[in-house]
Amino acid sequence: MHCILHTGRFLLRNTYQRTWPKCCSSFSKMMRAVCVDKPGGPENLLLRNIPRPQPKDGEVLVKVHAAALNRADLLQRRGLYPPPDGESDIIGLEVAGTVDSLGPGVKEGWKPDDRVMALLCGGGYAEYVAVPEELLMPVPHNLTFCQAAAIPEAWLTAFQLLVFIAQVKEGEVVLAHAGASGIGTAAVQLVRLFGAVPIVTAGSLEKLKMAEELGAAAGFNYKEGNFAQGVLDFTRGKGANVILDCIGGSSWEKNVNCLAMDGRWVLYGTLGGRAVEGDLLGKLLSKRGHLLASLLRSRSLQYKADLVKAFSHRVLPYFSDQAASLRPVIDSTFNLEEIAEAHKRMEANKNMGKIIVNVVSQNQEISN
């Protein structure tokens, strides 16, 4: 695969410019990271040596072993989804690795070399990242770093949508669009864990089959038929109590048509466009439907900390339970030098489950 070790201008925010003089004194305080000089296609992802972040009060410096891709990464690369103010310009919302060092004021008892996974606002495509201690979770003992990297953003997002936003109840029918995506595969398993009934849409029979193997009770190919009619047939006309929607504009009418009375339609993405034409409000009103919109990246640290705590208590044990009831789904793995190829795979919608980037090679992990 194409190696993207490039030279060129180093354009980062003032955060890095301020730390440059301090960090340049020793090569050991540098790290490799993927940078974007100019928004655009995957070819604009550049691997550089830059200063390591320094953990602030309450932060832990993590040595990244693996990171995972998310659709938000593609948007940020194109300049359409900038990080929140004060956060790293480096792309990457979830990682797994080991504790390198602790910033001042860390209270949670983390120790160097602890295996951890982390939810991030950015900074994941790098060898090191500084993380607020509240956003760290221990890696389940039976998972590799690659598997663990697939958990924080995707599974916490699915958990948030189902529990914090939709407040899903036992026995309800939950329709998850993009059922073979990272969030989709997590949602199917979580819905089952919570005693509800997962059904999905996907764009191929192969993706539908995988979702059903994970526990989906039914699946509908949105390219070959009207998924709304499939949902109504499956529910005997009642419709889905909850819809997890990352599509948006292009499917709004079908969503409303198959929404149950008093159902909750949770919008967390707009892959199918943002514009809506037609009688959305009238149709939604006739169903007494709830339209709920949610993003995770822009939430406050306290909200994310509460989310991590709830997930760790309610869900995390099931990854290492003897019954092995939950598992992250890995589509493919790439090395950090192959990040452009990883983005191309996601952009082509080829992945089933998570795309992982190995920051530390497996050979290095074994030798360590």
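Each residue takes its place number in the sequence, starting with 1.
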Who pairs with [X] by salt bridge (charged side-chain N to carboxylate O under 4.0 Å, His left out), at least two apart in sequence or on another chain?
X      : value
Asp262 : Arg288
Lys107 : none
Glu94  : Lys354

Inset, instruction - Could you tell me whether Phe227 and Tyr222 have their ring centroids closer than 6.0 angstrom? - result: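 Not close enough - the centres of the two rings lie 6.0 Å or further apart.
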Inset, instruction - Would you check if Leu143 and Ser320 make a side-chain contact, meaning some heavy-atom pair closer than 4.5 Å? - result: no
Does [X] pair with [Y] as a salt bridge, N-O distance under 4.0 Å?
X      : Y      : result
Lys111 : Asp114 : yes
Asp37  : Arg48  : yes
Arg345 : Asp331 : yes

Legend entry - Qualifying salt bridge (Lys or Arg N to Asp or Glu O under 4.0 Å) pairs, either residue in residues 118-147, two or more places apart: Arg32-Glu127
Under 3.5 Å donor-acceptor pairs involving side-chain atoms of residues 275-286, not counting sequence neighbours:
residue : atom : partner : partner atom : Å
Asp279  : OD1  : Gly282  : N            : 3.1
Ser286  : OG   : Lys283  : O            : 2.7

Inset, instruction - Spell out, as yes or no, whether a donor-acceptor pair under 3.5 Å connects the side chain of Glu347 to the backbone of Lys344. - result: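 Checked: no pair found.
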Legend entry - Any donor-acceptor pair under 3.5 Å from Asn70 side chain to Ala72 backbone: no
Legend entry - Heavy-atom neighbours of Lys287 NZ exceed 12 at 6.0 Å: yes
Would you list the atom pairs, donor with acceptor, under 3.5 Å between side chains in residues 169-198 and any protein atom, with sequence neighbours excluded?
residue : atom : partner : partner atom : Å
Glu172  : OE1  : Lys169  : N            : 2.8
Glu172  : OE1  : Arg264  : NH2          : 2.8
Glu172  : OE2  : Arg264  : NH1          : 2.9
Glu172  : OE2  : Arg264  : NH2          : 3.4
His177  : ND1  : Thr201  : OG1          : 2.8
His177  : NE2  : Asn255  : OD1          : 2.7
Ser181  : OG   : Ala178  : O            : 2.7
Ser181  : OG   : Gly184  : N            : 2.9
Thr185  : OG1  : Ser181  : O            : 2.9
Thr185  : OG1  : Gly182  : O            : 3.0
Gln189  : OE1  : Arg327  : N            : 2.9
Gln189  : NE2  : Thr185  : O            : 3.1
Gln189  : NE2  : Arg327  : O            : 2.9
Arg192  : NE   : Gly215  : O            : 2.6
Arg192  : NH2  : Gly215  : O            : 2.9

